[in-house]
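To find a chain, count down the sequence lines: A is the first, B the second, and so on, and within it residues start at 1.
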Amino acid sequence: MKVITWNVNSVRARLPHVELFLKEQQPDVLLLQELKCEEHAFPASLLDFGYNCALFGQKTYNGVAILSKHPIEDIQNGIPNFEDTAARYVEAFTGGVRVASVYVPNGQEIDSKAYHYKLDFLNALYSHCKTLLGFDERLVIGGDFNIAPSDEDVCNPAAWQGQVLCSQLERDAWRKITYLGLADAVKDSTTGAMPYTWWDYRKGAFAKDDGLRIDHLLLSPNAADALKTTKVHKNMRGLERASDHAPVECVLTI
DNA sequence: ATGGTAGACGATCTA
């Protein structure tokens, strides 16, 4: 089973890329973030590729979805027990796996209101992950976490020292979630340099490979036992009018 | 302390 997560930065602006990607990669499950549209505005053509969809949309900002070749059941919009006006989390059971598409808040500036909202969101995600792990299912949580877990995940750590995406409190929150027993699929299957998943549109960051690894796939023990390969589809970031994020893939032997 | 780019949207806001 192939599961891929991708922050598309507007699904309508990225329609040709997403269509191309579905055709070429045929993922079983595609977890999307930053749709930037409501459900009625989601491009129907994407479902013509043979996908079912669980969609938690929002106008202008945020919006997350699960596309799956398999039937989708047990859909949950938003993190349970967390008040949030933003559409940043959708979860469902499909093809024998529980999957979630998560778009963690960016945080804007250290100590800003947005930063504390990010930490609150991560704390709620931690609590919910603890609940989900109690189900003892195969679980894949994919998304844009807006956290580079360590300096190995940053091309230029000095420039990002203490900044949002790299601050200690964010990394502490990440560590707390993974220490529940969730595997960082890409890290665990990578030898040598970590692949980046996001490159800023500004200052020619992609051309310089000045990126960060902030999009992740977290696997429960049952899913991690089945992990075969991972891959970052960096080529998608190099296209004209690309999202600033590349798709991140894992293949499970189930 | 701001800039650089992108997207939605129609002046700024988020990233």
- Task: Check the pair Phe121(A), Phe82(A) against ring pair (Phe, Tyr, Trp, His ring centres under 6.0 Å), reporting the backbone distance first and the verdict last.
- Result: CA-CA 8 Å; Phe121(A) 183 98; Phe82(A) 181 63; 5.7 Å; yes
- Rounded to the nearest 0.5 Å, what separation is found between the CE atom of Met194(A) and the CG atom of Asp184(A)? 7.5 Å
- Measuring from His70(A):NE2 to Leu67(A):CG, what's the distance to the nearest 0.5 Å? 12.5 Å
- Item | Distance between P atoms of dC13(B) and dG3(B) (Å, rounded) | 15 Å
- What are the residues of residues 155-166 of chain A, sorted by number, that bring a heavy atom to within less than 4.0 Å of DNA chain B? none
Which atoms of nucleotides 11-15 of chain B (N or O only) lie under 3.5 Å from a protein N or O atom, and what are those distances?
from: dC13(B); atom 1: O2; to: Tyr61(A); atom 2: OH; distance (Å): 3.2
from: dA15(B); atom 1: OP1; to: Arg88(A); atom 2: NH2; distance (Å): 2.8
from: dA15(B); atom 1: OP2; to: Gln108(A); atom 2: NE2; distance (Å): 3.4

- Message: Check this for me, if you would: do Asp151(A) and Arg171(A) make a salt bridge, where the nitrogen-to-carboxylate-oxygen distance has to be below 4.0 angstrom?
- Response: yes
- Task: Please state the C1' separation for the pair dT2(B) and dA8(B) - nearest whole angstrom.
- Result: 23 Å
- Output for pair (Arg98(A) CZ, Arg138(A) CZ), nearest 0.5 Å, gives 13.0 Å
- Task: May I ask you to evaluate whether Arg241(A) reaches the phosphate of dT5(B), defined as a side-chain N or O under 4.0 Å from OP1 or OP2?
- Result: no
- Among Trp199(A), Tyr201(A), Trp198(A), find the one that has a ring-ring contact (aromatic ring centres under 6.0 Å, His included) with Phe206(A). Trp199(A)
- Test log, rule ring pair (Phe, Tyr, Trp, His ring centres under 6.0 Å), inputs Trp6(A) and His233(A): CA-CA 10 Å; Trp6(A) 191 10; His233(A) 292 264; 8.7 Å; no
